Amino acid sequence: MERLRDKWNCYDFQHFINGVKKENPRHISKQLRAMEQFLDREKPDKALVAQVMKECCAKYRYQFSQFKVVFDLARAGRELSTDDSRAQVPTGDVTYTDLSVYAKAFSERTAEKEAAI
């Protein structure tokens, strides 16, 4: 974090870092290392990074993959709109499943308990 602060400190830096810490408590160093390596490779100016951090804070984008998409859009001169921000920025590794599996397991277990009584 301190290496990032030395290179890319801006008005929204601490807000962004706090968001990364809260969003990714188990992977803080991994996320920050990925961001540092990405920024070192891209060599953007400080104004662009400040713009990206501000946008990430405004739209609650604190994972590296989200940061990278916001960065690419900002470099291209575009912003995330409120309507299509979910479509353009990955929201993480969320898997949606049908909950009927749990209802079936619950019914089977309660039926077994009733049969034993």
Side-chain angles (χ1 to χ4, degrees):
M1 179 179 69
E2 291 306 320
R3 286 192 312 262
L4 280 170
R5 184 186 312 277
D6 289 343
K7 297 175 189 174
W8 309 108
N9 196 17
C10 64
Y11 182 77
D12 292 294
F13 181 83
Q14 193 59 49
H15 180 180
F16 178 74
I17 293 298
N18 290 341
V20 171
K21 287 179 178 179
K22 189 166 185 163
E23 181 86 14
N24 310 292
R26 300 177 104 191
H27 307 286
I28 296 168
S29 62
K30 188 174 164 183
Q31 291 286 313
L32 294 177
R33 189 176 317 112
M35 288 176 198
E36 180 183 23
Q37 290 172 348
F38 174 75
L39 291 172
D40 286 347
R41 198 171 45 249
E42 295 295 318
K43 297 181 181 17
D45 62 3
K46 276 189 159 185
L48 177 61
V49 176
Q51 177 188 349
V52 170
M53 287 187 181
K54 182 177 183 174
E55 182 76 14
C56 286
C57 291
K59 301 285 190 332
Y60 305 105
R61 307 295 186 205
Y62 301 117
Q63 294 181 358
F64 171 67
S65 59
Q66 297 167 337
F67 175 84
K68 186 177 179 311
V69 170
V70 173
F71 180 89
D72 290 340
L73 288 171
R75 187 171 45 191
R78 297 176 30 206
E79 276 188 19
L80 291 175
S81 70
T82 55
D83 295 336
D84 63 352
S85 62
R86 289 180 189 248
Q88 293 180 1
V89 178
T91 56
D93 299 331
V94 178
T95 304
Y96 297 96
T97 58
D98 182 21
L99 298 179
S100 64
V101 173
Y102 299 108
K104 181 181 175 192
F106 178 76
S107 297
E108 289 173 358
R109 287 189 181 152
T110 54
E112 288 173 6
K113 285 183 181 181
E114 288 177 6
I117 295 178

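The shown structure was predicted, so the numbers you read here are calculated from the model rather than taken from an experiment.
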From CD (Glu23) to CD1 (Ile28), nearest 0.5 Å: 11.5 Å
Could you check if a side-chain atom of Met53 sits within less than 4.5 angstrom of a side-chain atom of Val70, using non-hydrogen atoms only? no
Measure the spacing between CZ of Phe64 and NZ of Lys68 and express it to the nearest 0.5 Å. 6.5 Å
Should Leu4 and Phe13 count as side-chain neighbours, where that means a heavy-atom distance under 4.5 Å? yes
Look at the aromatic rings of Phe38 and Phe71 and report parallel, tilted or perpendicular, splitting at 30° and 60°. perpendicular
Between Arg61 and Glu55, is there a side-chain N and carboxylate O pair less than 4.0 Å apart? no
How long is the gap from CG on Asn24 to CD on Gln31, to the nearest 0.5 Å? 4.0 Å
Are the side chains of Met1 and Lys21 in touch, meaning some heavy atoms are under 4.5 Å apart? yes
Side chain to side chain contact (heavy atoms under 4.5 Å, CB included) involving Gln14 - partner list, sequence neighbours excluded: Arg5, Ile17, Asn18
Let me confirm one number: the SG-CD distance from Cys56 to Gln63, rounded to the nearest 0.5 Å. 11.0 Å
As an exercise, state the distance from CD of Gln51 to CG of Leu73, rounded to the nearest 0.5 Å. 10.0 Å
Only distances under 3.5 Å count here; give the side-chain donor-acceptor pairs of residues 39-49 to other protein atoms, sequence neighbours excluded, each with its distance to 0.1 Å.
from  : atom 1 : to    : atom 2 : distance (Å)
Asp40 : OD1    : Lys7  : NZ     : 3.1
Asp40 : OD2    : Lys7  : NZ     : 3.1
Glu42 : OE1    : Arg75 : NH1    : 2.4
Lys43 : NZ     : Asp40 : O      : 3.0
Asp45 : OD1    : Leu48 : N      : 3.0

Yes or no on ring pair (Phe, Tyr, Trp, His ring centres under 6.0 Å) for Phe67 and Phe16, after CA distance, side-chain angles and deciding distance? CA-CA 10 Å; Phe67 175 84; Phe16 178 74; 5.6 Å; yes
